[in-house]
Amino acid sequence: MAASAAAPRIVIENCAIATVDAGDTEYASGHIVVTGNRIESVGPGKAPGNLENVVRRVDASGHLATPGLVNTHHHFYQWITRGLATDHNLFDWLVALYPTWARIDEQMAYSAAQGSLAMMARGGVTTAMDHHYVFPRGSGDLSGAIIRAASEMGVRFTLARGSMDRSEKDGGLPPDFAVETLEGALAATEETIDKHHDASFDAMTQIAVAPCSPFSVSTELLRQGAELARRKGVRLHTHGSETVEEEKFCHELFGMGPTQYFESTGWLGEDVWMAHCVHMNDSDIEAFARTKTGVAHCPSSNARLAAGIARVPDMLKAGVPVGLGVDGTASNESGELHTELRNALLVNRLNPVHREAALTARQALRLATYGGAEVLGRATQIGSLEPGKLADLVLWKLDTLAHASIADPVAALVLGAAAPVTLSLVGGEPVVENGRLLKADEDAIARSTRDEAQRLARIAAQA
């Protein structure tokens with residue numbers, strides 16, 4: 001449905017434009033007209049001169065316009081446990097940090113969500129997601145606190161309501177006091193969907209069902225979680241094939257690899273996306289392609305935890321939907337998605353099979369925009385600059401010392417230093433201008449996250 005002609009218009013002109021549409025259409029100098037919360041037109045040269053109700057004109061000379069970035073995997077609460085366990089692999093890292101994470105409360109979750117969201121929004125993210133799976137007893141309304149932080153920041157948001165019910169006594173990694181019961185996790189997840197999920201075209205908040213991982217949830221939680229998601233019409237998310245240790249765990253416990261195990265529990269399908277997927281063989285990739293199961297590629301976190309290099313070029317060639325993810329900031333301390341474009345390109349070129357042909361700059365940009373929208377099930381609404389889509393877009397400043405001598409603006413954005421964001425719109429509403437958040441106080445958030453990190457550290461030390 002097109003926006004009303006009577007709605008206020010924003011006109012952006014004189015910028016390079018990478019639409020990331022099906023044909024990868026680009027304009028060396030073009031315009032974008034936003035009407036209400038939708039994109040009205042995108043094209044070369046100046047905007048039509050007879051437009052009515054124009055409330056703002058932006059001379060975007062020296063800028064590149066792209067779709068807003070879409071983050072497909074994160075753990076916001078980890079913002080207050082950054083810089084810990086810096087030399088661990090995944091399993092040792094989890095064992096080291098679970099006892100601390102299991103002491104979070106509602107105020108900590110809210111403050112950490114603010115920090116995570118602020119860093120991403122400043123860096124061009126217009127659609128964020130959070131996979132939150134730690135729900136200590138008596139900790140308050142953690143889901144509500146996270147959703148409130150996203151709403152206040154003004155970004156589009158998917159909360160993947162996670163869960164864990166396999167603790168140390170059951171052969172899992174989380175401590176016994178850090179997990180929910182099967183029944184409790186399912187009931188709380190369904191309550192979150194009923195209270196917060198919006199299925200409309202321009203939804204600002206959506207919910208996914210997201211048991212944490214094969215080594216922290218029971219088979220029954222996976223099965224019943226998939227049934228719940230499909231009964232409610234929401235998407236499914238989890239971690240998959242992240243490390244060789246996970247693959248060994250699945251073979252020892254279930255007698256099969258992670259992908260076979262997920263398929264046996266109903267966890268492959270076009271409504272499913274998984275984080276990492278580093279250790280995938282040819283048959284795994286074929287299964288994901290056949291079922292259109294999506295992947296959240298998290299190159300910095302995979303490197304930080306020495307997990308390995310995901311076979312992204314092979315996935316893309318096979319037709320697997322792939323987006324980019326920050327991952328939690330206890331394994332990617334920067335917390336920025338726009339740096340993941342560069343890291344995705346560089347890390348995948350280290351794969352000895354593909355080398356310099358692994359990814360191009362434009363493929364990296366597509367992963368961060370349209371690919372992410374596809375993974376989140378929102379490719380008809382966001383992820384490219386096309387008439388009728390939601391006006392989620394970013395203007396990147398490329399005429400300063402850091403980028404001015406790079407003729408190709410997409411190469412400048414992906415391969416150059418992190419580009420400043422001059423303007424970020426979510427549904428036509430400005431969220432960032434000249435590198436500063438408009439709806440949140442960055443300095444106050446910095447103080448709050450420092451205080452909550454220190455409070456959590458004290459509580460964990462006393463436990």
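Keep in mind that the numbers below use all heavy atoms, side chains included, and drop hydrogens, waters and symmetry copies.
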Would you say that Thr329 contacts Phe76 through its side chain, given a criterion of any heavy-atom pair below 4.5 Å between the two side chains? no
Name the atoms and distances for all side-chain donor-acceptor pairs under 3.5 Å in residues 10-17, with sequence neighbours left out.
from: Glu13; atom 1: OE2; to: Ala47; atom 2: N; distance (Å): 2.8
from: Asn14; atom 1: OD1; to: Lys46; atom 2: NZ; distance (Å): 3.1
from: Asn14; atom 1: ND2; to: Asp59; atom 2: OD1; distance (Å): 3.0

Can you list everything that forms a side chain to side chain donor-acceptor pair (under 3.5 Å) with [X]? Sequence neighbours excluded, please.
{"X": "His338", "value": "none"}
{"X": "Thr449", "value": "none"}
{"X": "Arg82", "value": "none"}
{"X": "Asp314", "value": "Arg311, His354"}

Sequence neighbours excluded, the answer for salt bridge (charged side-chain N to carboxylate O under 4.0 Å, His left out) partners of Asp392 is Arg156
More than 12 heavy atoms of other residues, nucleotides or ligands under 6.0 Å from CD of Glu152: yes or no? yes
Does a sphere of radius 6.0 Å around CD in Glu433 hold more than 12 heavy atoms from other residues, nucleotides or ligands, not counting ones at 6.0 Å or beyond? yes
Side chain of Thr360, backbone of Gln363: donor and acceptor closer than 3.5 Å? yes
Side-chain (Arg342) to main-chain (Leu415) donor-acceptor, under 3.5 angstrom: yes
Identify whether the distance between the nearest side-chain nitrogen and carboxylate oxygen of Arg290 and Glu286 falls below 4.0 Å. yes
